[in-house]
Chemist: 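Could you have a look at this structure, given as structure tokens, before my questions?
Computed from a predicted model, the values in this text were never measured in an experiment. Each chain gets a letter, A, B and so on, in the order its sequence line appears, and its residues count up from 1.
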Amino acid sequence: MLNQTPDLPSLASTVVDWQKQHGRHHLPWQGTQDPYRIWLSEIMLQQTQVATVIGYYERFLVRFPDIGSLAQARQEDVMPYWAGLGYYARARNLHRCAQELAANWDCHFPPTPEQIAMLPGIGRSTAAAIAAFAYGTRSPIMDGNVKRVFTRYFGIYGVTSQRAIENLLWATAQGAVEAAPVELDMAAYTQGLMDLGSQCCVRGRPDCARCPLKARCYAYEHGVQQELPTPKPRKTSPERECKMLVLRSQGKILLEQQVSPGIWGGLWSLPQYGDTSEIEAACNHLGQSSTAARRMAGLLHVFSHFKLHIEPWYLRNDTLQVAETSPRQSWIAIEDLASTALPAPIRKILDGLFGPYGRELPLVTDAPADTG
DNA sequence: TACGCGTGGAC
DNA sequence: TGTCCAAGCGT
């Protein structure tokens, strides 16, 4: 917890005030305290976006208007109303849960979040949401929205799916509720956190200007919104591939200065293309048939966060006019390559062609495999 | 504890 | 066009 100045007592009230003014109020499952409708919406909304859920929610309610009607149905009558929504264990658990409620609770929900969380398909967060919306219970939720808001506001680093971070987030959420005034509108607070997370404190480009918490938000103060929540480490780094063209004319090579920020920013690299047709287009632009270009041995370059498969092509034509074809391009004499700022794999390609002393060496052709 | 579960949206 | 991920839970 890095935030030195979180205003815990006013946090919840700030969220409630914002929710009442700027939050969502017209979603189909709002404006009711019916635990059945709240429950159904919470289950459908697990890992599923609001826009997707709305239609399913309304069709489901027409067919199964209450716990009793759902409990009496056969599972094969329920599943068609879930088809296309995904995560079908949710529907099976929903049906089982309705039958448990009918059998043990007279078609009502238990009174406490702890008891609600014992029902099939309902975990700690969903139970807290049902209790907050239906009963006003002061029990915090912890979904993707709240994780985003809290990791940023409090400056909580670490992968949120890990136990220690998860525990810290729950404790923080509990602390925020306990510090709130007794008259706190718990339904508005719970909804407000989710509205903040989905409308304002979004992952890609958070709209901090509109955020009621920015005055004491750690991520806003330190400009680290993009670093929080801490992203899960990739198992396998992504792989990309590209073609590069070694264009030689009159003892010079066409190089391209890379932009900063960016990969190899400020260094000189070879003109780069997504696929062979782009190389052909570039050759044609120079009035040169691409059939004269020869493919060289490919190589693999490993960055910290991805792997790049490079397929170099070599084209020599000493009749080409020695004029740059775009502002960032420049013809560099082969004997000057040694003193040019080249990324490692580019130097390897050029050294393979011309040697470290600028001598042209035999080409390796038709060798598509990576040579490292 | 980490992973599987489904589909569609965003970039 | 691919990759990530969204109102999580169960195992």
Chemist: Is the shortest side-chain N/O distance from A:R203 to OP1 or OP2 of C:dC4 below 4.0 Å?
Modeler: no
Chemist: Can a donor-acceptor pair be found between the side chains of A:D17 and A:T14 at a distance below 3.5 Å?
Modeler: no
Chemist: Hey, does A:R24 reach any base, or is it just sugar-phosphate, or nothing, if we go heavy atoms under 4.0 Å?
Modeler: base
Chemist: Regarding A:Q191 and A:D195, do their side chains bring together a donor and an acceptor under 3.5 Å, going by distance alone?
Modeler: yes
Chemist: Within this structure, what is the CD1-to-C1' distance between A:I130 and C:dG8, rounded to whole angstrom?
Modeler: 12 Å
Chemist: Just the rounded figure in Å: distance from P of C:dC9 to CE of A:M142.
Modeler: 12 Å
Chemist: Answer with base, sugar-phosphate or nothing: what part of the nucleic acid does A:L94 contact at a heavy-atom distance below 4.0 Å?
Modeler: nothing
Chemist: Please state how far atom CG in A:D143 lies from atom C1' in C:dC5, giving the value in whole angstrom units.
Modeler: 13 Å
Chemist: Work out how far the P atom of C:dG2 is from that of B:dG6, and round it to whole angstrom.
Modeler: 23 Å
Chemist: How would you summarise protein contacts on nucleotides 5-11 of chain B per nucleotide, using B for base, S for sugar-phosphate only and - for none, with heavy-atom distances below 4.0 Å?
Modeler: BBS-S--
Chemist: Measure from CD on A:E42 to C1' on C:dG8 and round the result to the nearest Å.
Modeler: 11 Å
Chemist: Give the rounded distance in Å between these two atoms: CZ of A:R148 and P of C:dC4.
Modeler: 17 Å
Chemist: Nearest-Å distance, NZ (A:K147) to C1' (C:dC5)?
Modeler: 13 Å
Chemist: Grab the two heavy atoms, one from A:Y87 and one from A:Q47, that are nearest each other, plus how far apart they are.
Modeler: CE1-CB, 3.6 Å
Chemist: A:T52 and A:Q49: side-chain donor and acceptor closer than 3.5 Å?
Modeler: no
Chemist: CD1 of A:I116 versus P of C:dC9: gap in Å, rounded?
Modeler: 12 Å
Chemist: Within the 3.5 Å criterion, strictly below it, is a donor on A:R90 or A:T48 matched to an acceptor on the partner's side chain?
Modeler: yes
Chemist: Using 30° and 60° as the class boundaries, would you call the ring planes of A:F154 and A:F150 parallel, tilted or perpendicular?
Modeler: perpendicular
Chemist: Using a heavy-atom cut-off of 4.0 Å across all strands, would you classify A:W82 as base, sugar-phosphate, or nothing?
Modeler: nothing
Chemist: Near A:M79 CE, under 6.0 Å, is it more than 12 heavy atoms from other residues, nucleotides or ligands?
Modeler: yes
Chemist: With nearest nucleotides of DNA chain C determined for A:P120 and A:M194 from heavy-atom distances, which residue corresponds to the more 5′ nucleotide?
Modeler: A:M194
Chemist: Rounded off to whole Å, could you give me the CD1-to-C1' distance for the A:I141 and C:dG8 pair?
Modeler: 12 Å
